[in-house]
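Letters A, B, ... are given to chains in the order of the sequence lines, protein chains preceding strands, and every chain is numbered from 1. Predicted, not measured: the structure shown is a model, and the values here were computed from it.
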Amino acid sequence: MPRFYVTTPIYYVKDAPHLGHAYTTVNADALARWHRLAGDEVLFLTGTDEHGQKVARAAEAQGLTPLEWTDQLAPRFQAAWADLDIAYDDFIRTTEDRHTASVQAFLSRIHDNGYIYKDRYQGLYCVPCEQYYAEDELLAGGCCPVHRTPVEHLEEENYFFRLSAFEDRLVEWFEAHPDAVVPESKRNEALSFVKGGLRDISITRTSIDWGVRVPWDDEHVFYVWYDALVNYVTAIGYGRDDARFAAWWPSVHHLIGKEILRFHCVWWPAMCLAAGIDPPARVQVHGWLLLGGEKMSNSSVNQIAPGDLTAEYGVDPVRYHLLRDIPLGSDGEFSAEGIVGRYNTDLANTLGNLLARVATVVGSKCGGTGPAPDPASRLAGVAGEVVAAAVAAWGAGQPHLGLEATWRLLRETNAELEAAEPWKAEPGPAVEAVLGSALEVLRITALLLVPAMPSTARELWRRIGLAGVPEDRRLPADADWGGYPGGGTVEKGAPLFPRRKG
RNA sequence: GGCGGCGUAGCUCAGUUGGUUAGAGCACACGGCUCAUAAUCGUGGGGUCGCCGGUUCGAGUCCGGCCGCCGCUACCA
């Protein structure tokens with residue numbers, strides 16, 4: 001059975017979950033649901049990143065230990081994902097014992113392989129940023145470009161990862177695996193970064209102790225990024241369960257935002273090579289959610305809480321908008337006009353209204369019992385094409401194309417009803433053939449909607465009189481034309497998506 | 001500065017290796033229908049494919065130059 005292991009980045013626990021986090025997570029969830037529907041064995045991982053100096057200081061300010069503090073924060077993400085119907089299989093926290101064990105095993109292996117060495121680091125450090133700057137990055141007078149305050153000359157003893165040793169092997173890896181980083185523009189960006197020359201990177205700190213202890217030197221903890229990246233192998237048992245690890249690695253699918261491309265497409269593959277394992281099979285880089293042209297980021301004020309949106313528009317419409325309107329890989333503009341427009345045209349008008357009109361006519365012409373579809377319906381061919389297009393699109397990590405294809409089928413079905421006008425005809429086989437075919441389209445649509453709108457898919461399935469739940473079916477086999485059995489009770493019910501004014 | 005990308009309908013975008021009349025959705029206009037959530041169906045208007053030049057029987061597509069926007073150039077979904 002094919003395996004599909006999909007990850008989101010682990011989110012920095014101190015940030016409140018916002019729509020940017022939700023965007024990544026909804027995409028990962030939809031891809032995971034698609035692969036489950038395809039019959040693959042799926043592991044969907046998300047979680048929180050809980051180490052680092054900022055967390056330690058914030059905890060101290062609260063009079064709590066760091067762990068007590070993050071114990072309070074991590075559930076905010078779990079709650080946000082529950083609200084968005086995110087069905088992750090594992091939620092990792094970097095403060096868990098399993099993670100400490102895997103980080104220590106992973107980095108010890110790199111150390112044993114000779115790619116970690118101790119050196120003295122000196123540089124210009126901005127305390128508020130917790131970061132070193134190169135001289136040419138500073139403003140006039142030696143000031144931090146962010147805080148506009150003077151930086152300090154600092155000297156620290158660190159362990160370094162010999163990233164520079166991996167230049168050639170990374171280039172070879174990119175060339176041997178053209179699909180390892182998608183879209184291609186991001187792959188080129190990563191590759192040109194590697195070709196531009198790699199410097200060794202400092203991976204430990206002595207100035208902090210809220211982190212994973214370096215097993216060969218008690219004075220040091222790992223810098224938060226190196227501990228964070230390892231979460232992807234922690235979750236599948238690195239250093240603790242070799243059989244499980246071997247089953248899931250390296251066929252992993254990392255979903256990330258473009259701002260962390262370098263970590264995932266350069267540092268992380270190099271760390272894997274250094275540890276003697278294959279780099280990740282795929283890193284899928286997505287764009288940003290923009291609000292009025294501005295990035296929605298952790299530090300700015302333009303954050304939108306996912307819960308506010310789901311309360312206003314409903315969970316599935318929010319998921320649909322994120323998946324349908326922003327091609328994975330491009331930046332996308334989020335706006336109230338955008339979500340309402342998509343809601344009214346696609347969900348209320350095309351889909352919801354189709355169900356309503358079919359249900360009404362089945363009620364008046366067939367006594368409310370759904371008839372079987374017509375094997376010779378023109379829609380059978382359209383459905384076949386659409387299912388094939390959706391399978392290809394979702395398989396290629398392009399939810400917006402999968403959904404676009406699905407709506408083509410719905411529009412064709414509305415047109416078919418106009419042509420046949422079953423509401424004018426006397427009850428009989430001709431009317432039943434038309435309505436049965438429309439119901440069959442709705443059944444296939446329910447299947448195709450499982451990844452994007454799981455609740456809607458279930459409700460559609462139930463309304464047209466089918467037993468069970470659509471996510472228990474399998475694609476593409478169960479989407480073959482003719483699967484609607486006929487004989488079930490079709491329920492009109494309240495509008496699936498009531499039209500919105502504003 | 002270096003490397004890379006983009007510019008196609010009012011908006012968002014699609015346009016394989018050059019090849020009939022440049023497409024889709026939305027928006028707009030007109031018409032049909034009245035089963036349906038003022039929904040739906042059909043038709044239509046709207047493009048010097050950023051600009052200039054070149055290659056070619058033929059260029060949105062290839063080449064050169066120019067204009068404009070953006071990304072990366074060692075923090076952050």
| Does anything in residues 383-408 of chain A reach RNA chain B, meaning a heavy atom under 4.0 Å, and if so which residues? | none
[atom1] gap between [N] and [M], integer Å:
N: U37(B); M: U48(B); atom1: C1'; value: 44 Å
N: U16(B); M: G53(B); atom1: P; value: 25 Å
N: C67(B); M: G42(B); atom1: C1'; value: 43 Å
N: U20(B); M: A59(B); atom1: C1'; value: 15 Å
N: G45(B); M: G31(B); atom1: C1'; value: 14 Å
N: C41(B); M: C26(B); atom1: P; value: 8 Å
N: G71(B); M: G15(B); atom1: P; value: 23 Å
N: U40(B); M: C33(B); atom1: C1'; value: 8 Å

| field | Spacing of T456(A) atom OG1 and L460(A) atom CG [to the nearest 0.5 Å] | value | 8.0 Å
Short N/O separations, protein against nucleotides 4-9 of chain B, under 3.5 angstrom:
none

| remark: Quick note, salt bridge (Lys or Arg N to Asp or Glu O under 4.0 Å) partners involving residues 339-349 of chain A, not counting sequence neighbours, are D325(A)-R342(A), R342(A)-D346(A)
| task | Would you list the pairs meeting salt bridge (Lys or Arg N to Asp or Glu O under 4.0 Å) in which at least one residue belongs to residues 349-371 of chain A, sequence neighbours left out? | result | R357(A)-E418(A)
| said: Just to verify, what does H99(A) make a ring-ring contact (aromatic ring centres under 6.0 Å, His included) with, not counting sequence neighbours? | reply: none
| said: According to side-chain hydrogen bond (donor to acceptor under 3.5 Å, both in side chains), who are the partners of R462(A), at least two apart in sequence or on a separate chain? | reply: E459(A), E491(A)
| Residues in side-chain hydrogen bond (donor to acceptor under 3.5 Å, both in side chains) with Y226(A), at least two apart? | none
| field | Charged N-O contact under 4.0 Å between R500(A) and E312(A) | value | yes
| query | Going by an N to O cut-off under 4.0 Å, is there a salt bridge joining R319(A) and D29(A)? | reply | yes
| Any stems for RNA chain B, made of 3 or more Watson-Crick or G-U pairs in a row, each with both distances under 3.5 Å? | B:1-7 with B:67-73, B:10-13 with B:23-26, B:28-32 with B:40-44, B:50-54 with B:62-66
| said: Quick check against the 3.5 Å criterion: does R463(A) have a side-chain atom that pairs as donor or acceptor with the backbone of K492(A)? | reply: yes
Taking any heavy-atom pair under 4.0 Å as a contact, classify [X]: base, sugar-phosphate, or nothing.
X: Y11(A); value: sugar-phosphate
X: K365(A); value: nothing
X: G197(A); value: base

| How would you list, by chain and number, every residue that makes a side-chain contact (heavy atoms from CB on, under 4.5 Å) with Y88(A), sequence neighbours excluded? | F44(A), T46(A), Q78(A), W81(A), I86(A), F91(A)
| field | Residues forming a side-chain contact (heavy atoms from CB on, under 4.5 Å) with E184(A), sequence neighbours excluded | value | N188(A)
| field | Pairs involving residues 400-426 of chain A, ordered by first then second residue, that meet ring pair (Phe, Tyr, Trp, His ring centres under 6.0 Å) (sequence neighbours left out) | value | Y320(A)-W407(A)
Collect all protein-nucleotide pairs involving nucleotides 37-40 of chain B in which both atoms are nitrogen or oxygen and the distance is under 3.5 Å.
residue	atom	partner	partner atom	Å
U37(B)	OP1	K492(A)	NZ	2.9
U37(B)	O2	F497(A)	O	3.4
U37(B)	O2	R499(A)	N	3.0
U37(B)	N3	F497(A)	O	3.0
U37(B)	O4	G352(A)	O	3.1
U37(B)	O4	L496(A)	N	3.3
A39(B)	OP1	R499(A)	NE	2.9
A39(B)	OP1	R499(A)	NH1	3.4
A39(B)	OP1	R499(A)	NH2	2.9
A39(B)	O2'	N353(A)	OD1	3.3
A39(B)	O2'	N353(A)	ND2	2.7
U40(B)	O2'	R357(A)	NH1	3.0
U40(B)	O2'	E418(A)	OE2	2.9

| task | Indicate the ring-plane relationship of F334(A) and H321(A), choosing parallel, tilted or perpendicular according to the 30° and 60° boundaries. | result | perpendicular
| query | Has R205(A) got its NZ or CZ under 6.0 Å from the middle of the six-membered ring of Y223(A), at an angle within 45 degrees of the ring axis? | reply | yes
